[in-house]
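What follows is a set of notes on a single structure, which appears directly below.
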There are 2 protein chains.
Amino acid sequence: MASAGHAVHGVGHGALDPAQAQTLGLQTWINGEVDAANLSALATLHGLPSRVFHLAGGSSVGLSIARPFEDFSRTVTSTARLLEWLRSFAPSSRLIVVSSAAVYGADHTGPIPESAALLPMSPYGHHKLVMEQLCQSYVQSFGIHCMVVRLFSVYGPHLRKQLLWDICSRLRSEVAALNLGGTGTEIRDWTDVRDVVRLLARVAEGEWRDDFGVINGGSGRGVSVADIAEELIRHWDSKTVVRFSGVGRPGDPTSLLADNGRVLDMNFDWRIPLERGLADYVEWFRSHARA
Amino acid sequence: MASAGHAVHGVGHGALDPAQAQTLGLQTWINGEVDAANLSALATLHGLPSRVFHLAGGSSVGLSIARPFEDFSRTVTSTARLLEWLRSFAPSSRLIVVSSAAVYGADHTGPIPESAALLPMSPYGHHKLVMEQLCQSYVQSFGIHCMVVRLFSVYGPHLRKQLLWDICSRLRSEVAALNLGGTGTEIRDWTDVRDVVRLLARVAEGEWRDDFGVINGGSGRGVSVADIAEELIRHWDSKTVVRFSGVGRPGDPTSLLADNGRVLDMNFDWRIPLERGLADYVEWFRSHARA
């Protein structure tokens, strides 16, 4: 958004110094809770927002099982506070909410349309669904404008957790065998974060036919975890062998693949093919990620 | 529950002195938030509960529109706190959660089965639905046991708000004409609170085939608002005429009638017919409700 000439201000939990914030394109960054005090502080300094990107919330299925109330607070309470602030102070802002394919749950095979049954399998997924429902409620009763983008498997430089991080960390340790949980046949719809940012900006600026909508933020291309592991090993130029435990993790679906019809309707093009994205990740990891 | 020999302890917002609490069958009453501190205080004094009845939450569609964040806090945050406490301290308790027919929304005609589409029309209804979903999430991930009872139009002695209270208050003022909002043709499924209490106790003690379930707490008999008004006027022995504005209130469905199949399967009998319930309400109002 900053590169398109917009002034970007943010609030959330993250210790960024002003130089780091500037590098990320942020004119202002408040390290704190998404609450009325911080939102009003930003508005007092810089005026009311025309677009609000809501990316705050829980970010781990595993943590949501270990500490469900914390995941609830991060995802649900922050959303309720944000909606209440928008209702009171900036009801004509466009709200772009980042949700997750986890709302679909584990019972789907093949591409999942936005209209599919919503059967989350973890507190993480349930709380994202509750978040969407609160948004819908505020749109219905208070004239808020909101688009929900359900992201699938986002990866990219700077991501210091999840599958790609774990694999690269172990490749750096030069393990002879890479033992991973699950079966390796789990299908995911991988998208590079740089494309995802472009998609969110496009959603924010596009034509909104309705005051509420949901879009799958996925590519429509499914690739297995085993193939991701092999590709990373290849880019690393390693001889490591991959082994899977064969046991799925609780709440971990066998397939999460987007029906990407709505993204296609927007004429959005995913520019970073998986091959390049994985190569870039390995390159970032080798040059920037510290042991 | 108290009359069946159970010790009943409660927590919630309500200034009851010990004598009042005793009259209601409560051995202990904590006037405060449904939170870990108060729940643990009860458990320390009296041991862990075998049954938990969760009736806390918002209780007015109108207030939920005027102050949605307050309704959210009352209904959703209290439920999240209770579930977290149960998960941590009493996961084998049976949880009986009181929800509302408002989760069905306004698009239904005729008896509504529990499997009907859930399309709430107000923050009140959305928050009740979110409450149910949080319960389902904790059942799925943490082995909580929960039955949700969706109540319809509950009335009875001591209810100092809503339609019956409003009508009786105006009959006492000896108004010549009773002007009511809506069309008068709105259909509701009226149940006397004394029967509802018996139903909740039956649900608590009955056989639970699953760890999560939903039951319509309705009679399956639909009666219009106009008929309720006429019946109250008759019991009051008044000559007042009723007029309706003809304009529905926002979020107010034209019909909310229970498919009562599950209650019938339990062999539960509603003992207080509407005629007697309304007569009792008028009698209570005339002898106890102060102007």
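All values derive from a computational prediction rather than experimental measurement. Chain A is the first sequence line, chain B the second, and so forth, proteins listed ahead of strands; every chain is numbered from 1.
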For chain A and chain B, what donor-acceptor pairs lie under 3.5 Å, backbone included?
| unit_1 | atom_1 | unit_2 | atom_2 | d |
| --- | --- | --- | --- | --- |
| A:Pro120 | O | B:Gln140 | NE2 | 3.2 |
| A:His126 | O | B:Gln133 | NE2 | 3.2 |
| A:His126 | ND1 | B:Gln133 | NE2 | 3.4 |
| A:His126 | NE2 | B:Gln140 | OE1 | 3.0 |
| A:Gln133 | NE2 | B:His126 | O | 3.2 |
| A:Gln133 | NE2 | B:His126 | ND1 | 3.4 |
| A:Gln140 | OE1 | B:His126 | NE2 | 3.0 |
| A:Gln140 | NE2 | B:Pro120 | O | 3.2 |

Contact between B:Phe69 and A:Leu83 at the side-chain level, heavy atoms closer than 4.5 Å - yes or no? no
For A:Phe72 and B:Leu134, work out which heavy atoms get closest and say how close. CE1-CD1, 3.7 Å
